[in-house]
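Nothing fancy with the numbering, it's 1 onward along the sequence. From a predicted model like this one, the values you see are computed outputs, not experimental measurements. When reading the values below, keep in mind they use all heavy atoms of this one structure, side chains included, and skip hydrogens, waters and symmetry mates.
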Amino acid sequence: MPELTRRRALGAAAALAAGAGAQALAEPAASASPNRPAPSQGSMAGHHHGGPEAFDEVFRGRRIEGRPVTGGGHHHGAGYAVFIDGAELHVMSNADGSWISVVSHYDPVPTPRDAARAAVVELQGAPLVPFAAN
């Protein structure tokens, strides 16, 4: 059996990374998870004047709201606030225009409405605990 060298280890790691990257690119297009909410109508739907428009709806029995806000505070959501049953869901907009929340931080979505819906799914009926910013 040949001796393991740094070159062989790096080659094997590169092959694994390339395979995992190709699989990651193919998975989202191939199937959608039934546990995730359906995205809003396109990434530009609900956008006007450079920001997402307000919403107020009931999703899976929870009231979700989103609206532009002004002023300081700890908002990283480009002046936008999202609430689930009256409790603020901390959201942030990414440089690519996608949105994340503290509940579904590693699953970016196209709009703040989708971030609220994803959080409701993830919470599974549990109450949203307010986020304590620094």
*What is the distance from atom OG1 of Thr111 to atom CZ of Phe55, rounded to the nearest 0.5 Å?*
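Spacing of OG1 (Thr111) from CZ (Phe55) equals 7.0 Å.
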
*asked:* How long is the straight-line distance from NE2 of His105 back to CD of Glu122, given to the nearest 0.5 Å?
replied: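 Taking CD in Glu122 and NE2 in His105, the distance rounds to 13.5 Å.
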
*Could you list the residues that satisfy salt bridge (Lys or Arg N to Asp or Glu O under 4.0 Å) with Arg63, not counting sequence neighbours?*
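Salt bridge (Lys or Arg N to Asp or Glu O under 4.0 Å) check on Arg63 returns Asp56, Glu65.
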
*Okay, side chain of Tyr80, backbone of Glu53: is any donor-acceptor separation there less than 3.5 Å?*
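It does hold such a pair.
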
*asked:* Using the side-chain contact (heavy atoms from CB on, under 4.5 Å) criterion, which residues pair with Asp96? Sequence neighbours excluded.
replied: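 By the side-chain contact (heavy atoms from CB on, under 4.5 Å) rule, Asp96 matches Asn94, Ser98.
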
*How far apart are the closest heavy atoms of Pro68 and Ala54, and which atoms are they?*
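Nearest heavy atoms, Pro68 then Ala54: CD-CB, 4.2 Å.
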
_Minimal non-hydrogen separation, Ala115 against Ser101, with atom names_ =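 It is O-OG, 4.4 Å.
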
Mind checking whether [X] and [Y] have side chains closer than 4.5 Å, heavy atoms only?
X: Arg62; Y: Leu123; answer: yes
X: Arg113; Y: Glu57; answer: yes
X: Glu88; Y: Val82; answer: no
X: Leu128; Y: Asp85; answer: no
X: Val121; Y: Phe59; answer: yes

*Leu89, Phe83: one ILVMFWY side-chain cluster at the under-4.5 Å cut-off?*
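In one cluster: no.
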
*Stepwise side-chain contact (heavy atoms from CB on, under 4.5 Å) test for Ile84 and Val120*: CA-CA 8 Å; Ile84 298 177; Val120 167; 4.0 Å; yes

